[in-house]
Amino acid sequence: MTRVLIPADAGARAVGAGSLARAVAAEAAARGSPLDLVRNGSRGLYWLEPLLEVATPAGRVGYGPVTAADVPGLFAAGFLEGGPHAKALGPVEQIPFLARQNRITFARSGVIDPLSLADYRAHGGLKGLERTLSLGPAATIEEVVRSGLRGRGGAGFPTGIKWRTVAEAAGPRKYVVCNADEGDSGTYSDRMLMEGDPFALIEGMLIAALAVGAGRGYVYVRSEYPQAVATLERALTLARADGLLGERSSALPRAFDIELRIGAGAYVCGEETSMLESIEGRRGEVRAKPPLPAHRGLFGCPTVINNLVSLATIPPILASGGEAYAALGFGRSRGTMPIQLAGNVRFGGLYEAPFGVSLGALVEEIGGGTASGRPVRAVQVGGPLGAYFPPALFDTPFDYEAFAERNGLIGHGGVVVFDDTVDMARQARFAMEFCAIESCGKCTPCRIGSRRGVEVVDRIIAGIEPAKNLGLLRELCETMRHGSLCALGGFTPYPVESALDHFGEDFARPRRAAA
Amino acid sequence: MTDDPRGWAARVRVIVAGQESKPDRLLPVLRAMQQEFGHVPREAVAEIATALNLSRAEVHGTLSFYQDLSEEPRGRHVLRLCRAEACQAMGAAGLAEAALARHGLAWGETAADGSLTVEPAYCLGLCSCSPSALFDEEPVGRLDAATLDRLFAGAAAS
């Protein structure tokens with residue numbers, strides 16, 4: 001039976017993959033031509049979604065974007081043999097956007113059946129775990145240190161050092177917490193991985209647990225991701241049945257199980273200490289550091305908290321060795337980064353590549369410029385707390401330090417493109433508004449500063465004492481940056497000040513009151 | 001039972017019975033109540049506090065913090081429209097404002113027939129298919145005015 005793959009990924013589903021899958025199944029039944037319909041994850045080529053793939057003897061061929069209405073025509077064109085059709089894309093892996101990538105973390109997403117452990121194993125799954133079992137905890141941690149892997153959630157702290165700290169910390173119990181509270185606009189790599197290759201996360205957490213001596217893990221997923229939650233829930237059940245997780249894990253030196261926790265709509269819970277508060281059942285208010293979670297984290301015990309992409313990158317690092325991973329990259333940013341091209345971009349999608357690719361290459365060459373066809377005016381990198389870059393800074397290489405030098409951050413790898421219709425004063429206002437909405441309220445610079453920030457930008461937009469209010473806005477940013485407890489208040493100045501620095505003209509033309 | 005006319009307390013006991021009686025179960029319990037009733041009724045707070053060995057203030061504190069949880073009933077359906085940057089870049093603000101105006105609703109309001117509550121969301125992870133929305137649990141991408149109107153109509157009809 002020919003294998004046909006249609007993504008169950010939420011992004012593909014959002015543009016009709018569900019009805020496409022039903023139509024393909026119905027048409028196949030009506031024609032009496034049985035097929036093996038697999039709901040895979042997404043390849044991350046979102047402008048081509050829904051992307052239908054057929055496993056032919058010559059490899060995977062694609063058709064996209066296709067809808068339910070295309071289905072009779074696809075059958076008539078003989079798509080099960082890779083027949084020609086207006087929507088035919090040829091061999092999927094030769095699509096330039098995909099062919100140019102170096103997929104390590106996302107090697108399996110879109111390729112395998114995400115809920116088949118057999119598929120996972122057949123595509124290199126559990127090789128990292130096997131190596132961990134032969135290396136033992138200390139050598140496993142050194143392998144992660146050697147890889148140079150840094151936290152993919154945005155902070156960029158070396159993962160191996162964090163693990164070593166937890167391994168050395170004394171405590172009655174230890175925990176591994178996966179941060180899958182992916183709230184940054186323009187990012188969806190955590191979601192794609194949960195929906196496309198959930199066993200990679202489970203394997204990564206298992207390796208972390210064995211390395212630091214943890215008996216229990218938590219995955220904190222945001223509630224905005226119902227499909228990811230459902231897929232991960234099923235993957236956990238399958239992993240328990242297989243003996244990888246839970247009481248019955250016999251092949252492992254210690255029992256480890258993972259509990260799924262679902263957020264309830266609070267951006268700040270992506271901040272690690274706020275997430276711990278939320279898991280413990282409280283308001284998601286940030287904790288002051290120290291103590292570090294590595295010393296006193298969940299329920300007061302030493303805790304590894306890693307972003308989902310970091311954890312899912314652990315198995316390939318262990319399987320191929322830390323040095324192979326560290327051989328890729330740029331400066332102190334080693335390995336690959338799953339970059340997400342989003343917003344007003346022609347070829348929006350997930351682009352995993354070694355660090356060092358320039359912002360301009362990402363936006364103009366790989367992303368193909370704007371979807372609207374208008375000139376690119378601004379690109380926000382790193383989510384709502386990231387800076388806006390003008391095309392004049394497109395030579396900036398994708399690298400933690402290079403972005404920091406230009407008063408920006410790479411965050412979780414989101415790149416949101418805006419065309420020349422964007423009003424940057426309104427974007428600065430939104431940054432303050434977002435901080436006001438999402439502030440946990442614990443510290444004054446964030447809770448009150450953001451509200452005052454919205455008012456000050458409103459006065460500037462209305463042309464009220466602009467010079468004085470621009471000075472005040474700068475001062476407020478300074479206070480928020482230095483006085484806030486966490487990155488929410490502390491980094492909100494990035495989008496605001498970058499808008500002022502690079503797009504000052506938008507603050508110099510009075511308009512009627514803000515919406 | 002005069003002190004539990006709508007059966008909230010009984011329902012809390014059933015939900016909590018499936019869980020360990022520990023304070024860290026609070027958020028899962030609140031989420032379960034929200035999912036089942038479309039809100040977490042004030043009358044249920046004391047029962048949840050007792051069941052999880054918490055004070056009512058602690059339960060209220062958590063309940064009032066999270067945007068997904070509400071003490072007031074929501075519509076039969078909830079439409080969450082993304083207001084974050086990637087969707088802004090594709091014109092989400094104008095699209096949402098116009099749709100709300102056409103249907104006579106403001107952010108957070110529930111339609112008079114109780115069919116639909118429209119709420120803002122700050123990223124749904126569908127940022128390469130912007131503008132996007134979540135209708136109950138169904139993701140919708142590449143939104144336009146016609147699709148939005150269909151969602152409103154679909155809510156009213158079901």
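Chain letters run A, B, ... following the sequence lines, proteins first, then strands; residues in each count from 1. Note that the structure is predicted; figures quoted are calculated from it, not measured.
- The contact between E85(B) and chain A is made by backbone and side chain atoms together, counting heavy-atom distances below 4.5 Å.
- Annotation: the span from R283(A) atom CZ to L26(B) atom CG amounts to 12.0 Å, rounded to 0.5 Å.
- Heavy-atom pairs under 4.5 Å with chain B were tallied for M192(A), E49(A), E285(A), E277(A); the largest tally goes to E49(A).
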Where do Y122(B) and F434(A) land on the ring-ring contact (aromatic ring centres under 6.0 Å, His included) test, with the steps shown first?
CA-CA 8 Å; Y122(B) 296 92; F434(A) 180 74; 5.7 Å; yes
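- Closest heavy-atom contact between A89(B) and G343(A): CB-CA, 4.2 Å.
- For CZ of R102(B), the number of neighbouring non-hydrogen atoms (other residues, nucleotides, ligands) closer than 6.0 Å is greater than 12.
- Annotation: maximal heavy-atom pairing with chain B below 4.5 Å, among G18(A), A378(A), G348(A), occurs at G348(A).
- Between D24(B) and R261(A) there is a salt bridge, since at least one side-chain N of the basic residue sits less than 4.0 Å from a carboxylate O of the acidic one.
- Heavy atoms of other residues, nucleotides or ligands lying less than 6.0 angstrom from CG of N53(B) number 12 at most.
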List the atom pairs, with distances to 0.1 Å, where a side-chain N or O of residues 130-138 of chain B and a protein N or O form a donor-acceptor pair under 3.5 Å, not counting sequence neighbours.
from, atom 1, to, atom 2, distance (Å)
S130(B), OG, C127(B), O, 3.2
D136(B), OD1, V78(B), N, 2.9
D136(B), OD2, H77(B), ND1, 2.6
E138(B), OE1, R13(A), NE, 3.3
E138(B), OE1, R13(A), NH2, 2.7
E138(B), OE2, R13(A), NE, 2.8

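- Shown here for A10(A) and P139(B), the closest heavy-atom pair between the two residues is O-CG, 3.6 Å.
- Of the two parts of R80(B), only the side chain, counted from C-beta on, holds a non-hydrogen atom closer than 4.5 Å to a non-hydrogen atom of chain A.
- Highest contact tally toward chain B, considering only P226(A), G281(A), A264(A), is held by A264(A) [criterion: heavy-atom pairs under 4.5 Å].
- Counting only N and O atoms by type, the side chains of Y66(B) and S223(A) include no donor and acceptor under 3.5 Å apart.
- Atom CZ of R346(A) has 12 or fewer neighbouring heavy atoms from other residues, nucleotides or ligands inside a 6.0 Å radius.
- Heavy atoms only, all atoms of each residue included: S128(B) and Y46(A) are closest at CB-CB, 3.6 Å.
- Heavy-atom pairs under 4.5 Å with chain B were tallied for R191(A), Q340(A), E182(A); the largest tally goes to R191(A).
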